[in-house]
Amino acid sequence: MLPVHIEPAADEALVSWLVQLSWALRQSPLMFSRHGFKVDAAGDPEWWRRPSAGQLATIAERTGVEQARLKAMTLLGWSIARDDEGAQRFTSRRWTNPKLGRRKGRRVDVCGQCLAEDERPYLRRLWLLGWIGVCPRHRTQLIGECPGCRCPIRFKGLNAKAPVDLLACQKCGRGLACLQGQRANDRSVDLQSLLVAGKKTGVVLLPSVGEVEWATMMAVADMLLGMIWTGVAAQHREQLFNRIARELDLGWEDRLSLSLGSNYGSLLILDWLVADLPHRLPAAIGILKSVRFEGLLGRHNDIDDDIAAHLRTILAAAIATPAVGRGAWHPWIESLPDSASELQERAARERYKHRRQRLTAFAALKAGATVGEAAAIARVQPMSVYRWLDRGIEHGLEAALERPTGRPALTSAQSEALAQWIRADRAHQNRHAIVARAKALFGIELSLDIASNLLKKHRSRRPGSVRRRRRLWGPMKPRGPRAKPTHDLAPGS
């Protein structure tokens with residue numbers, strides 16, 4: 001028997017308990033596992049998730065804890081698919097930088113309030129699933145940074161070669177407990193509960209779809225989140241986030257979580273999509289200007305044919321052929337969150353006539369009128385309504401309500417930033433480079449004419465050149481030698 005004993009908590013992860021035992025004995029987790037239980041964690045540091053019966057029997061014999069209780073600290077019997085237990089599983093890093101932060105220990109999100117209330121702080125089994133973003137007990141968002149130095153929270157597992165203080169920041173040594181947490185949206189808590197239940201049973205019950213197997217559910221999540229974070233302009237992504245925040249009544253901090261791409265923000269995005277997948281998926285594809293089903297599926301080479309067939313059934317809205325021609329406005333009008341009466345009420349409150357006309361036409365179309373009827377109600381020509389619809393499909397409702405001025409869509413700060421770049425870097429002073437620079441910095445596509453005007457206005461003179469003063473008016477100079485007169489200057493002489 002071991003010379004020390006620590007009573008495991010009800011929802012404690014096995015790795016947390018073993019690391020704290022090794023800390024009490026002042027041994028490294030690696031040597032403690034080798035000498036104590038004949039388990040070498042150097043090759044498989046995650047063996048604790050699904051240990052063998054022999055390993056559980058050895059641990060029970062050396063610690064005096066029953067095997068059934070030890071099994072409850074693992075993930076034995078839980079489903080597994082598509083690396084669903086990897087760290088930061090739902091964050092944007094999986095698509096933007098998948099290899100970030102794998103060398104210095106596993107990243108983990110914790111609940112500071114739970115740690116503050118524990119008599120012996122420990123890691124919950126739920127926190128180590130990788131895609132958890134909410135504490136179901138306090139209904140608060142999990143934290144992924146140290147409250148002191150703001151560094152990512154990491155922990156060294158059973159392969160650590162030195163004693164590990166599990167619940168202290170690896171950089172500053174401060175404890176991770178905190179008395180208050182940021183409140184989580186109830187929608188994220190409910191969706192996480194559905195996913196946890198599906199992880200245990202192997203089947204997830206989605207609101208607008210029905211029963212979905214766990215492996216298929218993870219493929220659905222990968223396709224939906226990959227659609228948002230891969231190959232999409234930042235301005236289109238932010239436009240989708242604004243709509244999600246408006247329809248879910250999110251506050252500023254929850255809206256910021258969407259942009260940061262955390263586990264919690266991804267839970268909110270998935271909840272908004274799966275709540276009404278047949279209508280919201282095509283709307284999201286239209287806003288993001290993303291590829292359709294086959295393009296999304298092509299980004300995931302590890303999806304087999306059976307799961308792909310299930311995905312085609314679930315994501316049928318992404319497979320549907322988009323409308324073309326003059327009937328292409330129907331899906332966009334249907335995707336507007338406001339009803340016909342709400343659009344009409346909004347038109348009555350508008351100050352400017354052109355916005356009232358557009359909202360009135362859109363309300364009529366939402367109610368089932370044709371373009372000609374909507375144009376008659378708004379007292380404009382049908383081609384004007386088609387022009388408004390095209391602008392709305394491409395840039396959104398607010399862009400359709402405004403009059404295009406023809407000026408560059410740059411703020412004063414953005415124009416000044418481009419001006420400084422043009423003056424500082426002469427090697428890239430051409431209009432194509434300016435267009436690429438504006439696209440990279442601000443996500444704005446400038447025309448070549450606008451880029452030429454910016455270049456002419458802000459480009460500095462070449463070194464050593466002298467600017468000549470130009471006279472706007474002056475006497476006309478002869479263009480060659482003056483012709484001599486042909487008549488006789490002194491006739492009769």
Side-chain angles (χ1 to χ4, degrees), residues 84 89-92 131-134 136 139 141 183-199 201 203-229 232 236-251 253-288 290 292-293 296 310-320 330-340 342 366 396-397:
D84 61 321
R89 183 58 175 79
F90 279 176
T91 62
S92 59
W131 41 266
I132 298 297
V134 178
R139 303 181 77 86
Q141 301 179 29
R183 188 72 178 175
N185 190 281
D186 293 338
R187 305 284 293 270
S188 64
V189 180
D190 296 340
L191 178 62
Q192 180 177 288
S193 300
L194 284 177
L195 294 178
V196 171
K199 175 73 172 174
T201 62
V203 177
V204 182
L205 183 61
L206 292 181
S208 60
V209 178
E211 293 185 353
V212 180
E213 295 182 356
W214 179 250
T216 306
M217 179 64 220
M218 293 306 299
V220 169
D222 284 343
M223 291 191 66
L224 295 180
L225 295 176
M227 171 188 69
I228 294 173
W229 295 107
V232 175
H236 299 153
R237 189 184 300 120
E238 292 300 318
Q239 184 179 351
L240 176 65
F241 292 163
N242 289 335
R243 175 169 176 176
I244 295 175
R246 182 173 64 252
E247 295 188 5
L248 296 184
D249 295 328
L250 301 182
E253 293 179 344
D254 289 340
R255 169 63 181 83
L256 184 62
S257 297
L258 299 178
S259 300
L260 296 177
S262 61
N263 279 342
Y264 171 69
S266 297
L267 288 173
L268 288 174
I269 295 171
L270 289 175
D271 177 79
W272 179 81
L273 284 169
V274 301
D276 190 5
L277 198 60
H279 294 91
R280 289 178 176 174
L281 179 57
I285 291 176
I287 294 173
L288 297 173
S290 179
R292 291 276 166 174
F293 177 82
L296 295 175
H310 293 157
L311 289 176
R312 286 186 173 89
T313 303
I314 297 172
L315 306 179
I319 308 174
H330 289 282
W332 181 74
I333 284 292
E334 294 298 328
S335 67
L336 294 179
D338 298 331
S339 63
E342 291 173 340
K366 188 84 170 180
L397 179 60

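Nothing fancy with the numbering, it's 1 onward along the sequence.
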Output all residues satisfying side chain to side chain contact (heavy atoms under 4.5 Å, CB included) with A221, sequence neighbours left out; order by chain, then residue number.
F90, L270
Quick one, V204 with E211, criterion side chain to side chain contact (heavy atoms under 4.5 Å, CB included). Give me CA distance, side-chain angles, the key distance, then yes/no.
CA-CA 6 Å; V204 182; E211 293 185 353; over 6 Å; no
Passes side chain to side chain contact (heavy atoms under 4.5 Å, CB included), V220 versus L311? Steps please.
CA-CA 7 Å; V220 169; L311 289 176; 3.3 Å; yes
Under the salt bridge (Lys or Arg N to Asp or Glu O under 4.0 Å) test, residues paired with R139 that sit two or more places apart
D186
Rounded to the nearest 0.5 Å, what's the gap from OG on S290 to CG on L224? Could you check?
10.5 Å
Measuring from atom OG of S257 to atom CD of Q141, what distance do you get when rounded to the nearest 0.5 angstrom?
4.5 Å
So CG of D249 and CG of N185: to nearest 0.5 Å the spacing works out to 9.0 Å
Correct closest heavy-atom pair for L288 and M227 would be CD1-O, 3.9 Å
Does W272 have any ring pair (Phe, Tyr, Trp, His ring centres under 6.0 Å) partners at least two apart in sequence or in another chain, and if so, which?
none
Using only atom types and a distance under 3.5 Å, with no angle test, would you say the side chain of K366 pairs donor to acceptor with the backbone of L336?
yes
Non-neighbouring partners of K199 that pass salt bridge (Lys or Arg N to Asp or Glu O under 4.0 Å), sequence neighbours left out
D84, E85
Looking only at heavy atoms, which two atoms of L267 and W131 are closest? And how far apart?
CD1-O, 4.4 Å
Correct closest heavy-atom pair for E342 and D338 would be OE1-CA, 3.1 Å
Residues in salt bridge (Lys or Arg N to Asp or Glu O under 4.0 Å) with R246, at least two apart?
none
Please report the closest heavy-atom contact between Q192 and G133, naming both atoms and the distance.
OE1-N, 3.0 Å
All side chain to side chain contact (heavy atoms under 4.5 Å, CB included) counterparts of T313, not counting sequence neighbours
none
Mind checking what makes side chain to side chain contact (heavy atoms under 4.5 Å, CB included) contact with L256, not counting sequence neighbours?
W252, L260
Grab the two heavy atoms, one from S188 and one from L268, that are nearest each other, plus how far apart they are.
CB-CD2, 3.8 Å
Return each pair, listed once, that meets side-chain hydrogen bond (donor to acceptor under 3.5 Å, both in side chains) where at least one residue sits in residues 258-267; pairs must be two or more places apart or across chains.
E238-S259, D254-Y264, R255-S259
Those residues at least two apart in sequence (or on a different chain) that pass salt bridge (Lys or Arg N to Asp or Glu O under 4.0 Å) with R237 are none
Evaluate the side-chain proximity of L258 to L250: yes if any heavy-atom separation is below 4.5 Å, no if none is.
yes
Are any of the side-chain heavy atoms of T201 and W214 separated by less than 4.5 Å?
no
Test side chain to side chain contact (heavy atoms under 4.5 Å, CB included) on L273 and I244; report intermediate values, then the result.
CA-CA 9 Å; L273 284 169; I244 295 175; 5.9 Å; no
Atom CD of E213 and atom CE of M218: how far apart are they, to the nearest 0.5 Å?
14.5 Å
Can you tell me how far the NE2 atom of H310 sits from the CG atom of L315, to the nearest 0.5 Å?
12.5 Å
Please list all pairs meeting salt bridge (Lys or Arg N to Asp or Glu O under 4.0 Å) that have one or both residues in residues 261-281, counting only residues at least two apart or in different chains.
R187-D271, E247-R280
Distance (rounded to the nearest 0.5 Å) between L397 CG and I333 CD1
8.5 Å
Sequence neighbours excluded, the answer for side chain to side chain contact (heavy atoms under 4.5 Å, CB included) partners of I287 is Q239, L240, R243
